[in-house]
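Here the structure is laid out as structure tokens; the discussion comes afterwards.
Residue numbers begin at 1 in each chain, while the letters A, B, ... track the order of the sequences.
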Amino acid sequence: DAKTTQPPSMDCAEGRAANLPCNHSTISGNEYVYWYRQIHSQGPQYIIHGLKNNETNEMASLIITEDRKSSTLILPHATLRDTAVYYCIVRLSGNTPLVFGKGTRLSVIA
Amino acid sequence: AAGVIQSPRHLIKEKRETATLKCYPIPRHDTVYWYQQGPGQDPQFLISFYEKMQSDKGSIPDRFSAQQFSDYHSELNMSSLELGDSALYFCASSVHDYLRGYEQFFGPGTRLTVL
């Protein structure tokens, strides 16, 4: 079973920051937080991952709370092409499978 | 950049028939994963292979089998097809590299319709 809880849907105005929360209160010390997204039946796409430090890449930023029980994915300037289902996944490091939960359906509105 | 290739992209079968889905991972990727996504559902892990050996097994029915070949491509064989097998089937590949975060790259999927 998925170890994460996400809101089922969110809206965001185009050009604004999208902040997607995720609760993972049962995360263990050696598990990472990964974010993937799926745009309308395409294959899921990796966004970012982290263990306990905040991370940033060209797509997004990941903020992990100090107790690691929750995190927030930030898309700094959302565009219409960011409309997708976003999945927060807790996972051990290594070639382990992804366990997808329900995800958050983000709608970016013009 | 090369991506994961899946074939066929669309497949229509009758109940009780068999189907074979193929996956060609990104060059030099050593791990292949198979996922199933039913209509309106989230992707579910089926099975994975690392260096041609099965590494993890998820909710894969006994009617399904899979393998990874010496050239690292993988095939998912599905027998005695049922209506409920209609779904998108994704293949993903990754490389065993800590610095790259074991990121999985997904293919475009094969849409299987069972009539």
Side-chain angles (χ1 to χ4, degrees), chain A residues 1-9 20 22 30-62 64 71 73 84-106, chain B residues 3-6 9-10 23 25-26 29-60 66 68 72 87-112:
Chain A
D1 291 336
K3 302 180 181 180
T4 61
T5 304
Q6 299 177 249
S9 64
L20 289 85
C22 179
N30 57 352
E31 288 180 316
Y32 288 71
V33 180
Y34 281 77
W35 283 83
Y36 279 74
R37 73 180 182 184
Q38 186 176 28
I39 299 172
H40 188 56
S41 297
Q42 296 179 20
Q45 176 190 23
Y46 166 83
I47 301 173
I48 199 167
H49 77 283
L51 182 62
K52 51 185 176 181
N53 296 323
N54 298 338
E55 302 288 344
T56 295
N57 63 20
E58 65 277 4
M59 288 183 69
S61 295
L62 173 61
I64 302 174
S71 61
L73 177 74
V85 178
Y86 287 77
Y87 294 98
C88 169
I89 298 170
V90 166
R91 176 188 181 217
L92 290 169
S93 181
N95 286 340
T96 53
L98 299 170
V99 179
F100 291 87
K102 290 298 178 187
T104 296
R105 183 172 298 276
L106 175 69
Chain B
V4 176
I5 297 171
Q6 291 187 245
R9 294 292 308 278
H10 301 272
C23 170
I26 293 172
H29 279 199
D30 50 27
T31 307
V32 167
Y33 311 79
W34 286 96
Y35 294 85
Q36 177 192 56
Q37 186 171 26
Q41 298 182 1
D42 304 295
Q44 284 220 343
F45 169 69
L46 292 178
I47 195 167
S48 62
F49 295 87
Y50 169 62
E51 285 291 346
K52 292 156 280 184
M53 299 288 290
Q54 181 183 308
S55 57
D56 283 289
K57 197 170 183 179
S59 50
I60 183 169
Q68 186 179 30
Y72 291 93
L88 264 173
Y89 290 83
F90 290 107
C91 172
S93 71
S94 68
V95 62
H96 196 86
D97 185 343
Y98 169 80
L99 292 177
R100 297 175 70 168
Y102 304 99
E103 173 186 348
Q104 292 186 22
F105 293 82
F106 282 76
T110 294
R111 184 175 295 280
L112 172 66

Residues 102-111 of chain B vs side-chain hydrogen bond (donor to acceptor under 3.5 Å, both in side chains), sequence neighbours excluded, gives B:Tyr35-B:Gln104
Donor-acceptor contact below 3.5 Å, side chain A:Thr104 vs main chain A:Tyr86: no
**Prompt:** Do you know the tightest heavy-atom contact between B:Gly3 and B:Ile26?
**Reply:**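 It is C-CG1, 3.7 Å.
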**Asked** Taking non-hydrogen atoms and a cut-off under 4.5 angstrom, which of residues 45-55 of chain A neighbour chain B?
**Response**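 Within residues 45-55 of chain A, near chain B: A:Tyr46, A:His49.
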Show the atom names and distances, to 0.1 Å, of all donor-acceptor pairs under 3.5 Å that link a side chain in residues 37-46 of chain B to residues at least two apart or in another chain.
residue, atom, partner, partner atom, Å
B:Gln37, OE1, A:Gln38, NE2, 2.8
B:Gln37, NE2, A:Gln38, OE1, 3.0
B:Gln37, NE2, B:Gln41, O, 2.9
B:Asp42, OD1, A:Tyr87, OH, 2.8
B:Gln44, OE1, B:Ser59, OG, 3.1

Worksheet item: In chain order, what residues pass the side chain to side chain contact (heavy atoms under 4.5 Å, CB included) check against A:Asn30, with sequence neighbours excluded?
Response: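 Per chain and number, A:Asn30 pairs via side chain to side chain contact (heavy atoms under 4.5 Å, CB included) with A:Ser28, A:Leu92.
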The side-chain contact (heavy atoms from CB on, under 4.5 Å) partner of B:Pro25 among B:Thr31, B:Val32, B:Ile5 is B:Val32
Contact origin within B:Val95 toward chain A - heavy atom pairs under 4.5 Å:
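Just its backbone gets close to chain A.
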